[in-house]
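Below is one structure, written out as structure tokens, with a few remarks after it.
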Amino acid sequence: MASLKKNSSQYHNVSIFLHWLIGLGIIFMFILGWYMEEIPKKAPKSLSFDLFNLGIYSWEVAKEMSPRSFYFTLHKSVGVSLFILIIYRIFWRLTHKPPALLNTMKPWEKRVATAAHHGLYFLMFATPLAGIIMSISSKYGISWFGIELIGGIDNKPARELFLEFHKIFGLLILLILFFHIAGAIKHSFIDKDGTLRRMWFHK
Ligand code: HEM
């Protein structure tokens, strides 16, 4: 088992924090995206929503709205927040060189892992951006946790085009994420080379 040299081979704590926060945020956005699409268009308006019908947290809103618009608004609010964090993450990545990939990896594995990382950066940026452009093209626009950010221009062809981009980029994220997680599991639990520990907090 190759030992992990502390600091020289580990990611920066800020990179680690952004990695897990944005990763969990994106998974949450998928769950929310699929969940909200299933909500019927015609449903009574309300001032209170039991989040995901789990009976854990009830969210009060200032203005009566349908369940569909509550979850769509939530998706947009969390999505815009994540988008800002993702821009910061890209800025951080460009100004802080990550540690080199471990030498236990074969050259082809390093090439695939690097391509997957670049692909994920591109898609993390492009997926919410497509969502933002789609929402501006719709008649609803974007509000952020109740604050009106930008109105909609109601352009149907643009809305439909960016909805397709939003879905395709999202599916590509899922595809790359599958190999990203499979690679991390294989290196950590089969090769036992400390890959996962590099991405965990340290002093
Ligand atoms: C990383 C961020 C995001 C992820 C992973 C994500 C994921 C998803 C998913 C899985 C769906 C369901 C698509 C389907 O029908 O299969 C969806 C729909 C949608 N997303 Fe996002 N989203 C993100 C960010 C955003 C942002 C930032 C906005 C806008 C501010 C947005 C606006 C929408 C809207 C309006 C829909 C519904 C489209 C429709 O059916 O009319 N999304 N999203």
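Atoms within each ligand, like the ligands themselves, are counted from 1 in listed order. Since this is a predicted model, take the numbers as computed values, not measurements.
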Student check: side-chain heavy atoms of Phe178 and Leu174 closer than 4.5 Å: no

Numbering as shown, the atoms of ligand 1 that approach Met29 to under 4.0 Å (heavy-atom distance): 3 (C), 4 (C), 5 (C), 7 (C), 22 (N), 23 (C), 24 (C), 25 (C)

Per-atom contacts of ligand 1 with Val80, taking only distances under 4.0 Å to non-hydrogen atoms: 27 (C), 30 (C)

Atoms in ligand 1 with a heavy atom of Leu163 nearer than 4.0 Å: 38 (C), 39 (C)

Contact check, side chains of Phe169 and Phe122, non-hydrogen atoms, under 4.5 Å: yes

Subset of ligand 1 atoms that lie under 4.0 Å from at least one heavy atom of Lys76: 29 (C), 30 (C), 35 (C)

Shared hydrophobic cluster for Ile31 and Phe49 (ILVMFWY, side-chain gaps under 4.5 Å): no

Residue selection (non-hydrogen contact nearest atom 26 (C) of ligand 1) among Pro128, Ser138, Ala126: Pro128

Option whose closest heavy atom lies nearest to atom 13 (C) of ligand 1, chosen from Glu37, Met36, Met134: Glu37

Ligand 1-proximal atoms of His75, by part, heavy-atom distance under 4.0 Å: side chain

Atom indices of ligand 1 within 4.0 angstrom of Phe72 heavy atoms, with elements: 37 (C)

Minimum-distance protein heavy atom relative to atom 9 (C) of ligand 1: Gly33 CA, 3.8 Å

Minimal non-hydrogen separation, Val61 against Met65, with atom names: CG2-CG, 4.2 Å

For Gly79, the ligand 1 atoms whose distance to one of its heavy atoms is below 4.0 Å: 27 (C)

Protein residue, atom and distance nearest to atom 14 (C) of ligand 1, heavy-atom basis: Lys167 CE, 3.6 Å

Aromatic plane relationship, Phe145 with Trp59 - under 30° parallel, 30 to 60° tilted, over 60° perpendicular: parallel

Salt bridge Lys186-Glu109, side-chain N to carboxylate O under 4.0 Å: yes

Working for ring-ring contact (aromatic ring centres under 6.0 Å, His included), residues Phe83 and Phe125: CA-CA 7 Å; Phe83 185 58; Phe125 179 75; 5.4 Å; yes

Structural part of Ser135 in contact with ligand 1, heavy atom criterion under 4.0 angstrom: side chain

Distance-only N or O hit between ligand 1 and His166, under 3.5 Å: yes

Sub-3.5 Å N/O-N/O distance, Arg159 and ligand 1: yes

N or O contact, Trp34 vs ligand 1, cut-off under 3.5 Å: no

Aromatic ring pairing Phe30/Trp34, orientation class (parallel under 30°, perpendicular over 60°, tilted between): tilted

Donor-acceptor side-chain pairing of Ser15 and Arg93 below 3.5 angstrom: no

Geometric class of the Tyr71/Tyr35 ring pair [parallel <30°, tilted 30-60°, perpendicular >60°]: perpendicular

